[in-house]
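Residue numbering restarts at 1 for every chain, and letters A, B, ... go by the order of the sequence lines. It should be emphasised that the depicted structure is a prediction, and the values quoted were computed from it without experimental measurement.
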Amino acid sequence: MLREALRQRTPRGHQIVNGRSLPAPIEGWDASSPIAKMSEKRALVLDNWFPTPMDVRVRRGFQMHSADMGSGVVDTLMPYHGLTPAAGKLFAAANSKIYDVTTSQTSGSASVSSLSSNRWQYVNFTTSGGKFLWACNGADAARHFDGSSWATPSLNITTYSASEIINVNAHKNRLWFVFKDTTVAGYLATGAISGTVTNFELGGLFTKGGYLVAMTTWTRDGGDGEDDLAVFISSKGQVAVYAGTDPDNASTWALVGTFDLAPPIGYRCFEKAGGDVAIITIDGVLPLSLALQRDRAGTADIALTARIRNAMNLSARSYKGNFGWEIKSYPTGGYVLLNVPLQEGVTQHQYVMNTETGAWCRFTGQNANCWAVFNEELYFGSNSGIVYKADQTALDASNPIVAIGQCAYNFYGNTGIWKEFKLLQAIITADANVRPALGISTDFRDNAALGTPVAAEEDAALYDEAVWDADVYPVEGRTVAEWASISGDGYAASIHFRAETGKSGVSLWGSSEWGQDLWSAPVSGEAVMRLNAFNMIYEKGLVL
Amino acid sequence: MTVLEACQDAASQLRPAQAVPTAIFASTDPFARELGALSNEAARAIAKVHDWRRLTLLKTQAGDGSATEFDLPTDYDRMPVKGGLFSTAHELKLEPVDDLDEWLDREIRSFVGSIGYWIILSGSLHIKPVMAATESAKYYYITKYIAQTEAGVNKEKFTLDSDVFRLPERLLTLSLIWRWRHRKGLDYTEDMRNFEIAAAEEQSRDKGSRILRVGKARLPDGINYAFPGVINAS
């Protein structure tokens with residue numbers, strides 16, 4: 001054949017493409033690096049993908065824990081830590097009541113009624129008389145729970161009232177209070193949960209004005225000991241640090257210093273994590289140990305949120321007035337989450353940091369007003385009178401988890417060379433033959449066209465219903481490495497990936513029964529979707 | 001075999017391996033869309049490379065005593081490489097005018113030939129002189145309707161997954177393989193060779209007019225048999 005003969009003499013037909021492997025974005029979400037010079041291990045977007053040192057995996061979903069607390073938002077979750085986990089209690093404040101939501105149920109029972117506010121601050125405190133949950137909200141008289149019942153402590157307060165206590169902290173075996181809209185703290189006798197409150201004026205230290213927001217205990221050795229410091233923060237970001245045990249005695253109680261930080265956000269601005277204390281400020285989440293060593297202008301780099309600085313600043317600027325800002329350390333899950341209320345009582349996101357690697361991601365779809373860790377499990381109060389247990393299943397209640405990500409733009413080793421991107425392979429570990437939808441955008445344009453994700457077997461077996469040797473079992477740890485056709489051209493490309501869990505129409509991985517409640521039983525029901533690496537095939541072009 | 005099945009056959013043979021698409025023309029998946037576009041391009045190329053008997057149709061163009069310009073069939077793609085126009089009024093083929101200047105010359109001089117002549121111009125078939133109402137011209141043409149719906153209606157291109165290729169589907173599958181690899185910058189030499197061998201086989205079996213073997217053996221083009229009728233003993 002003539003054409004055949006001609007083709008034999010020409011070099012066409014041979015491979016002209018290059019390949020390049022990329023790791024999954026295990027360094028997490030980056031909202032601070034220049035978009036054209038970002039590490040290939042980081043991501044421009046990482047929603048509902050959680051970065052671990054090994055891979056990037058879809059977060060677990062949440063399950064309903066307790067409902068029927070009215071239609072109002074759940075503003076507070078308060079765990080009571082008993083002697084044993086079984087003696088512990090979990091309380092939720094909603095609908096002007098406090099409910100016992102310790103056990104999973106569809107109808108919560110009110111423990112305290114006729115309240116003015118649901119926004120409580122609390123502390124667990126042990127005395128010779130037992131273990132107490134001591135709570136205040138700045139509107140109602142303070143309350144405490146002794147393991148069996150709630151009561152109103154008898155407080156002998158000068159100038160102020162028990163309903164003006166807006167924050168509480170236990171420091172050196174003593175309860176400390178913050179009076180609302182004042183610069184005055186108060187404290188009880190050691191080991192007391194009621195009695196005479198001695199006022200402690202801090203106004204002289206707060207030269208920038210403002211009011212006292214919160215107090216915490218900062219320990220530099222991770223435990224309760226003599227080096228514990230009392231830390232007070234004002235609404236203007238001024239921090240007063242005291243050392244000592246007895247504020248009544250000048251010889252055992254001394255001011256270490258006052259420091260200027262950025263203004264804190266909300267009354268729940270402190271969270272103890274390891275040997276440090278994190279503070280939510282409008283400059284980011286700051287570790288106290290480092291923040292006190294430098295001026296406010298120098299805190300940007302040492303913030304825990306330094307890597308997501310732009311997103312944090314934008315959220316702080318836009319939403320700092322909303323209720324719902326909170327940090328929660330969740331050691332079981334290996335992360336710390338920062339609750340960001342985009343719209344109070346409606347939409348909240350969480351900025352989540354892997355405590356092992358410092359890598360960030362963002363959780364969406366978990367609209368939470370408040371968080372609590374109770375018996376090593378994570379709970380949150382929703383905007384509609386329901387308490388959910390998070391980090392559980394392959395679904396968010398009954399909805400699929402939509403996880404999207406976008407890797408950093410990559411020039412593939414040649415910044416000045418135009419390229420045509422042809423094929424992309426995601427190497428994942430999954431419990432079924434699934435893969436996320438893949439696509440690319442080029443040259444910093446949001447022009448990705450995502451492919452269709454591959455779904456799991458339609459008839460994957462249900463736990464406790466499957467028949468051995470007959471049904472298809474979900475297998476944990478199956479490696480899937482299918483290629484996906486992509487198209488795009490430019491100097492740099494950014495990989496997009498998107499996965500949905502559970503059963504909800506088309507274009508889902510994990511369709512049908514896979515990922516449903518029976519199979520994804522509490523605790524064990526993880527939808528396994530771990531992204532390990534990418535391989536890209538592209539053709540190098542000319543310098544245009 | 002539907003175009004979906006042809007694409008699936010190709011997809012399952014493609015390397016590197018991808019998920020075999022479950023839909024083509026309704027899909028938004030880039031791979032499915034690539035296969036959809038390539039399947040139409042491959043089908044057109046297969047149809048063009050050879051005068052397939054399967055796509056060859058006879059057109060009868062009746063005269064009306066006045067018209068010299070006639071519409072081509074709606075599904076007209078081209079004439080066969082060796083294709084003439086025959087008239088019921090003449091024993092000889094009508095004369096094709098290949099040269100535009102010659103056609104124009106004949107127009108200006110109002111040339112009237114004894115057996116008539118024709119040209120395809122401006123998307124129409126022109127036959128001169130005027131055919132009488134009792135006269136008709138016949139010619140073969142290659143249809144551009146290379147696809148067929150599930151209900152058997154012919155169409156120009158694939159638009160539904162259930163559409164069928166009117167030519168051998170195996171060629172479509174093999175063509176898709178090399179074209180996709182070519183598009184992705186991968187080595188496609190062997191895949192293209194496979195396709196061309198298969199295409200040559202199908203063409204030789206088609207018995208149609210072949211591009212490189214035009215005409216009948218040992219007879220010059222345009223020769224008519226002296227006596228086309230039947231000799232009866234009586």
Side-chain angles (χ1 to χ4, degrees), chain A residues 1-19 419-427 433-440 447-456 458 480-489 496 498 506-507 509 511 535-541, chain B residues 7 10-38 45-46 48-50 175-204 210-214:
Chain A
M1 289 178 288
L2 180 59
R3 278 169 295 124
E4 181 80 5
L6 282 174
R7 198 177 64 248
Q8 294 292 318
R9 290 196 294 270
T10 64
R12 70 174 181 167
H14 296 295
Q15 182 165 308
I16 52 173
V17 289
N18 300 280
K419 305 155 198 91
E420 185 179 347
F421 300 95
K422 309 260 189 182
L423 284 163
L424 178 61
Q425 180 188 37
I427 300 174
N433 187 23
V434 298
R435 72 160 169 78
L438 296 169
I440 59 161
N447 56 357
L450 263 64
T452 308
V454 177
E458 290 281 323
V480 182
E482 242 166 23
W483 287 84
S485 210
I486 53 167
S487 76
D489 50 69
H496 292 243
R498 179 180 188 276
V506 295
S507 300
W509 67 280
S511 60
N535 285 317
M536 175 76 89
I537 286 180
Y538 62 97
E539 179 184 346
K540 273 198 277 190
Chain B
C7 289
S12 60
Q13 296 175 58
L14 284 175
R15 292 294 177 274
Q18 298 200 55
V20 175
T22 54
I24 298 292
F25 293 100
S27 174
T28 57
D29 184 67
F31 183 45
R33 289 168 65 181
E34 283 171 7
L35 289 176
L38 287 177
I46 293 166
K48 294 277 188 190
V49 79
H50 177 70
S175 184
L176 278 173
I177 291 170
W178 79 259
R179 283 173 188 277
W180 187 83
R181 286 184 61 86
H182 170 244
R183 181 187 165 84
K184 292 298 172 189
L186 302 167
D187 189 308
Y188 60 92
T189 46
E190 280 304 310
D191 300 299
M192 189 172 178
R193 193 193 309 270
N194 288 343
F195 164 74
E196 295 207 330
I197 291 170
E201 288 169 358
E202 293 293 346
Q203 288 167 24
S204 65
R210 297 178 63 185
I211 290 173
L212 299 178
R213 208 173 64 191
V214 176

Do you know which of B/His182, B/Arg183, B/Arg33 has the most heavy-atom pairs with chain A at a distance under 4.5 angstrom?
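Top option by heavy-atom pairs under 4.5 Å: B/Arg183.
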Between B/Arg193 and B/Glu196, does at least one N-O distance fall below 4.0 Å, as a salt bridge requires?
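A salt bridge is absent here (no side-chain N lies under 4.0 Å from a carboxylate O).
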Atom group of B/Trp180 that falls short of 4.5 Å from chain A, counting heavy atoms
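It is the side chain, since no backbone atom gets that close.
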Which bit of A/Ile16 comes within less than 4.5 Å of chain B, counting heavy atoms only: side chain, backbone, both or neither?
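Interface part for A/Ile16: both.
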For residues B/Ala32 and B/Pro21, report the shortest heavy-atom separation together with the two atoms involved.
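Shortest heavy-atom separation between B/Ala32 and B/Pro21 comes out as CB-CB, 4.2 Å.
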Which heavy-atom pair separates A/Val17 from B/Lys184 by the least distance, and what is that distance?
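Shortest heavy-atom separation between A/Val17 and B/Lys184 comes out as CG1-O, 3.1 Å.
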Answer yes or no: is there a side-chain heavy-atom contact under 4.5 Å between A/Leu423 and B/Gln18?
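Result yes, sub-4.5 Å side-chain heavy-atom pair found.
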